[in-house]
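Have a look at the structure below, then the notes.
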There are 2 protein chains.
Amino acid sequence: MGDTSGIGAGTEPTLEEQIAAYQREFQDLDPQVEQIVSALSRLNRRMNVAYSRQTAALGITNADWEVLKALVLSGAPYRMGPSDLAKRLGLTPAAMTHRIDRMVAEGLVTRKRDEANRVRVIVELTPAGREKWLEAMRLATVFEGNLLQDLSPAERTALGEMLIRLLRRVEDAQPDAGGRLNDLDENFGQGA
Amino acid sequence: MGDTSGIGAGTEPTLEEQIAAYQREFQDLDPQVEQIVSALSRLNRRMNVAYSRQTAALGITNADWEVLKALVLSGAPYRMGPSDLAKRLGLTPAAMTHRIDRMVAEGLVTRKRDEANRVRVIVELTPAGREKWLEAMRLATVFEGNLLQDLSPAERTALGEMLIRLLRRVEDAQPDAGGRLNDLDENFGQGA
DNA sequence: GATGTACTCTTCAGCATTGAAGTTTAGCTT
DNA sequence: AAGCTAAACTTCAATGCTGAAGAGTACATC
């Protein structure tokens, strides 16, 4: 076995270690700001891991889950066009075409031409697709309840209010939200 | 032009609209929990958009930025092996090989064999790579300061403390953090 | 000191995504 | 109604990732 000396290990540092490293390498850093930002990133990464395990347990992919979510939230009769879906999910229409192909094969949605306007296509949720979404939501609800378990009602209110305040600020500064989100949502902001 | 009637638009709903849609489609939902979880997701997405614009402005990719970050945080002399980097970033060693190829070509890192243990490779930050990281950090600091601008010191303390409490809980429930993170970190948890 | 085993990195085939070009349809203008 | 423009979707080449197989090196044991 190779000796482990020489080069640092690849294990993830704790939040405290990471903040200490930032302070060491970059003096102009407010540790409190860094703590909040890093915790937000890490929390989101963990949440995504949890959601992904849930969808895997249901036999669907994350890609499927995103599409199901958009369709359900659009309301009955759960129909959207491919390019609307693409905009909603931050994908190109080309990628949407392939996703829909797969989901039709899996029986989660149907695809048909819009007879009223034959250049359009209608993607519609199947009952099986709706059921998958419901199952995923039931799992997600359990996870989210556990996540927030330690927070009192007053704390939840305060946390929600502060997060919304942050969101408003960043949305004001960044009015053009949509677009290319896929490159970005990697474990990218991990702590900067 | 096609009429816009018929099928819903692809624009992103507001947070309030989205929570209302969840309540309509899924009765067993705690709106307060949903508010916190959705706000966390959206906030993270916006943060990633901001970071991505910054790296683009500096002429590097998000992939480059992640590698630079890992190397800098490892501390002087800013050296890591490809597989340590891969573990740290949640990529396969194969992907790491290609990223390093690109970054060597860009002059951000160097690659050489470890003469003490010739099966290993040493990836080392160049001065240019370190400078890029510093520039990115300066931009990130400005953004993060703006983001938290509306929060009083007491609120920042409270927010940081609550986020860390949530993080501890999810880390306890999910001890195996690393691994396949790239599929997951898409705009996936967007609100579930 | 020869063989076996483990580990590190690279190469290769398969898949999802992007950006751009291509196809079909709708609506506008004359 | 012929032609122009715009829009929705699909097809195609290129890129980056995964998972698995392959090549090279070091350590352990016999």
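Excluded from the calculations below are hydrogen atoms, water molecules and symmetry mates; all remaining heavy atoms, backbone and side chain alike, are included. Labels below follow one simple rule: chain letters A, B, ... track the order of the sequence lines, proteins then strands, and each chain is numbered from 1.
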Problem set entry | Same apolar cluster: B/Val119 and B/Val123, side chain cutoff 4.5 Å |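 B/Val119 does not cluster with B/Val123.
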
Exercise. Any link between A/Val142 and A/Ile60 through a network of hydrophobic side chains (Ile, Leu, Val, Met, Phe, Trp, Tyr) touching at under 4.5 Å?
Worked result: no

Measure the distance from [atom1] on [X] to [atom2] on [N] and round it to the nearest whole Å.
X: B/Arg99; N: D/dT15; atom1: CZ; atom2: P; value: 17 Å
X: A/Asn62; N: C/dA16; atom1: CG; atom2: C1'; value: 13 Å
X: B/Glu66; N: D/dG16; atom1: CD; atom2: P; value: 14 Å
X: B/Asp64; N: D/dC17; atom1: CG; atom2: C1'; value: 15 Å
X: A/Leu91; N: C/dA16; atom1: CG; atom2: P; value: 13 Å
X: B/Asp114; N: C/dC9; atom1: CG; atom2: P; value: 9 Å
X: B/Asn117; N: C/dC9; atom1: CG; atom2: C1'; value: 12 Å
X: B/Ile100; N: D/dG16; atom1: CD1; atom2: C1'; value: 15 Å

Exercise. Does C/dC9 have OP1 or OP2 sitting under 4.0 Å from an N or O in the side chain of B/Arg111?
Worked result: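 For C/dC9, OP1/OP2 do not have a side-chain N/O of B/Arg111 under 4.0 Å.
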
Name the nucleic acid region contacted by [X], choosing base, sugar-phosphate or nothing; use a 4.0 angstrom heavy-atom cut-off, strictly under.
X: A/Arg102; answer: sugar-phosphate
X: B/Arg113; answer: nothing
X: B/Pro93; answer: base

Among [options], which nucleotide has an atom closest to any side-chain atom of [X]?
X: A/Val119; options: C/dT24, D/dC9, C/dC9; answer: C/dT24
X: A/Ser83; options: C/dT11, C/dT18, D/dC9; answer: D/dC9
X: B/Arg118; options: D/dC9, D/dA8, D/dA26; answer: D/dA26
X: A/Ala95; options: C/dT17, C/dA26, D/dC17; answer: C/dT17
X: A/Thr97; options: D/dT11, D/dT18, C/dC9; answer: D/dT11
X: B/Thr92; options: D/dT18, D/dT10, D/dA8; answer: D/dT18
X: B/Arg120; options: C/dC9, C/dA26, D/dA26; answer: C/dC9

Exercise. Going through the distances and angles, do A/Glu25 and B/Tyr78 end up as a side-chain hydrogen bond (donor to acceptor under 3.5 Å, both in side chains)?
Worked result: CA-CA 11 Å; A/Glu25 299 295 334; B/Tyr78 309 121; 2.6 Å; yes

For this session: Give the C-alpha distance, both sets of side-chain angles, the deciding distance and a yes or no for side chain to side chain contact (heavy atoms under 4.5 Å, CB included) between A/Leu151 and A/Leu159.
Result: CA-CA 9 Å; A/Leu151 263 52; A/Leu159 177 60; 3.6 Å; yes

Exercise. How do B/Pro82 and A/Ala94 order along DNA chain C: which one's closest nucleotide is nearer the 5' end?
Worked result: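 Counting from the 5' end, the first nearest nucleotide belongs to B/Pro82.
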
Problem set entry | By side-chain contact (heavy atoms from CB on, under 4.5 Å) - contacts of B/Thr97 (at least two apart) |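 Testing B/Thr97 for side-chain contact (heavy atoms from CB on, under 4.5 Å), a comparison that skips the adjacent residues, returns B/Asp101, B/Arg111.
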
